[in-house]
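First the structure, in the form of structure tokens, and then the observations on it.
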Protein chains: 2
Amino acid sequence: MNSVKRACGNCNLRELCLPFGLSNDELERVDEMVTTRRKIKQGEYLYRAGSAFESIYAIRSGFFKTDVLLEDGRDQVTGFQMGGELLGLDGISTELHTCNSVALENSEVCIIPFSRLETLSREIRTLQNHFHKVMSREIVRDHGVMMLLGTMRAEERLAAFLLNLSQRFTARGYSHADFYMRMTREEIGSYLGLKLETVSRAFSRLQEAGHIAVQQKHVRILNIAGLKALMNRQPA
Amino acid sequence: MNSVKRACGNCNLRELCLPFGLSNDELERVDEMVTTRRKIKQGEYLYRAGSAFESIYAIRSGFFKTDVLLEDGRDQVTGFQMGGELLGLDGISTELHTCNSVALENSEVCIIPFSRLETLSREIRTLQNHFHKVMSREIVRDHGVMMLLGTMRAEERLAAFLLNLSQRFTARGYSHADFYMRMTREEIGSYLGLKLETVSRAFSRLQEAGHIAVQQKHVRILNIAGLKALMNRQPA
DNA sequence: ATTACAGGTTGACCTGGATCAAACCAGACA
DNA sequence: TGTCTGGTTTGATCCAGGTCAACCTGTAAT
């Protein structure tokens with residue numbers, strides 16, 4: 001943990017993150033709310049299911065996954081998060097975290113005490129509205145995953161996944177067509193409702209079809225249109 | 001559409017719905033916000049994907065489903081909603097609805113203009129916090145569905161689904177063990193990521209195992225513990 | 001009562017992805 | 001430089017659920 005001044009004002013993720021669309025004045029007030037950061041090493045937990053919820057977290061750098069697990073040991077990755085995205089929204093409802101959040105690379109988050117966020121968003125309309133939009137966006141994203149898990153075949157799921165990553169990398173100023181994935185095949189599989197072998201085969205088939213070039217975690221997208229077309233194929 | 005006075009104060013779903021935990025004073029102010037209701041006949045749309053978002057809706061009576069559809073015609077039921085639950089939260093993010101909402105029986109909703117809800121929740125802390133909890137709960141629910149779609153086998157999915165319905169009916173004062181389902185096998189299948197035939201077979205197998213008694217849409221739960229145990233079985 | 005029809009059940013067969021098993025590869029470390 | 005290890009790829013086989021098809025049931029209209 002370390003405290004900071006001018007957290008948000010200087011952050012280049014500002015426009016992707018919570019302070020989106022705020023005036024300088026308002027930005028300063030948000031800065032007062034976000035006084036501490038926390039570094040999380042690769043493999044460490046940001047929070048665990050069942051622990052008390054007090055804050056949400058904005059990713060300043062790095063990469064995370066969230067997962068839930070059943071009593072019997074089965075688990076499901078519910079999302080991968082990158083810079084500018086918020087973690088911990090699931091904890092608001094019961095004031096307990098309902099999933100685990102693990103850093104997939106060395107990362108840093110800004111700590112946003114939730115009660116202060118509520119106070120401030122009673123005072124700043126723009127902040128309030130934007131926070132609501134962020135929560136709503138998470139719901140929409142989840143519906144997309146449900147769609148994917150409920151109706152798509154393995155290759156379509158992977159195509160959808162890669163397109164989504166690509167688009168999020170683009171929004172952060174990275175190449176849309178050439179990136180390293182931080183997660184393993186098994187984690188991708190868990191997220192997509194597939195086994196790691198199936199994920200691996202799907203990668204191979206997309207490569208054979210000339211849509212992508214893969215080498216371990218390094219992916220290059222060669223034919224975006226092809227991937228998109230794949231997603232909209234009728235099943236069977 | 002018809003206007004009403006004392007919408008929430010007289011509503012027996014008050015404690016399940018948005019006004020949860022409000023004082024009488026606050027309740028009156030919420031009443032002023034919720035001035036109109038709307039009846040939707042079975043099969044009619046409350047809203048459609050792509051239409052402008054202006055309000056969220058609280059279900060006063062009846063039963064709904066929401067679904068998203070892909071260009072190619074495939075669709076996925078993303079949820080079933082009953083009295084006291086909110087509809088339309090997905091629309092906040094883009095100010096366009098992202099799914100369709102259809103009444104599965106003759107229903108009535110209270111219209112909650114979203115901008116007024118934001119105004120009021122800047123003034124009433126309890127309302128603000130409760131609204132955040134409701135949104136967060138939706139995210140948690142979605143994670144549950146992702147878990148179900150990603151890791152469970154057909155019978156487990158159906159067991160989880162029935163237990164969830166049972167629990168929600170209980171919260172509304174209906175029998176936890178004896179209810180009519182408003183949705184078809186196909187709709188259940190779409191929600192659970194299964195074909196209707198598989199849903200039908202799963203019903204039959206749960207019945208053979210003595211966990212439930214089914215006759216079309218009428219379900220009786222005979223062995224809750226059995227259903228719960230089923231959900232926590234290791235796959236294969 | 002008779003018919004029509006949407007929804008539900010059941011059977012037979014097929015297939016995509018799971019499972020099991022054996023290499024393979026790249027980076028870490030001695 | 002070799003070897004260890006966690007992750008990945010690939011092959012062979014299996015099976016849960018999909019697909020196709022026939023039939024049943026309850027409701028509602030005539």
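All values below were derived from every heavy atom in this structure, side-chain atoms included, with hydrogens, water molecules and symmetry-related copies excluded. Letters A, B, ... mirror the listed sequences (proteins, then strands); counts begin at 1.
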Quick one: label [X] by what it contacts on the DNA or RNA (base, sugar-phosphate, nothing), any heavy atom closer than 4.0 Å.
{"X": "A:Thr184", "value": "sugar-phosphate"}
{"X": "A:Gly189", "value": "nothing"}
{"X": "B:Leu194", "value": "sugar-phosphate"}

- Message: Nearest to the B:Ser200 side chain among C:dG8, C:dA18, D:dT8, which nucleotide is it?
- Response: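 Between C:dG8, C:dA18, D:dT8, the one nearest the side chain of B:Ser200 would be C:dG8.
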- Message: The side chain of A:Arg201 is closest to which nucleotide in this list: D:dG11, C:dT10, D:dT8?
- Response: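 In terms of side-chain proximity for A:Arg201, the closest of D:dG11, C:dT10, D:dT8 is D:dG11.
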- Test for a donor-acceptor pair under 3.5 Å between the base of D:dC20 and the side chain of B:Glu197, counting only N and O atoms.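 Flag set: donor-acceptor pair detected.
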- May I ask you to check whether B:Phe114 and B:Phe53 place their ring centers less than 6.0 Å from one another?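 Centroid separation for B:Phe114 and B:Phe53: below 6.0 Å.
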- Does the cation-pi check pass for A:Arg14 over A:Phe20, that is, NZ or CZ under 6.0 Å from the six-membered ring centre and within 45° of its axis?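 No, a cation-pi geometry is absent between A:Arg14 and A:Phe20.
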- Query: Quick one: is the NZ or CZ of A:Arg172 closer than 6.0 Å to the six-membered ring centre of A:Tyr174, and within 45° of its axis?
  - Reply: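 Cation-pi check for A:Arg172 and A:Tyr174: fails.
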Quickly work out the [X] [atom1] to [N] [atom2] distance and round it to whole Å.
{"X": "B:Leu192", "N": "D:dG18", "atom1": "CG", "atom2": "P", "answer": "11 Å"}
{"X": "A:Leu158", "N": "D:dT8", "atom1": "CG", "atom2": "C1'", "answer": "14 Å"}
{"X": "B:Leu196", "N": "D:dG17", "atom1": "CG", "atom2": "P", "answer": "15 Å"}
{"X": "A:Glu186", "N": "C:dA18", "atom1": "CD", "atom2": "C1'", "answer": "14 Å"}
{"X": "B:His218", "N": "C:dT9", "atom1": "NE2", "atom2": "P", "answer": "14 Å"}
{"X": "B:Arg153", "N": "D:dC14", "atom1": "CZ", "atom2": "P", "answer": "18 Å"}

- Residues in side chain to side chain contact (heavy atoms under 4.5 Å, CB included) with B:Ala177, at least two apart?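 In terms of side chain to side chain contact (heavy atoms under 4.5 Å, CB included), with neighbours along the sequence ignored, B:Ala177 is linked to B:Ser175, B:Ile221.
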- Which comes earlier along DNA chain C counting from the 5' end, the contact point of A:Gln215 or that of A:Ala154, where each point is its nearest nucleotide?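 Here A:Ala154 is the residue nearer the 5' end.
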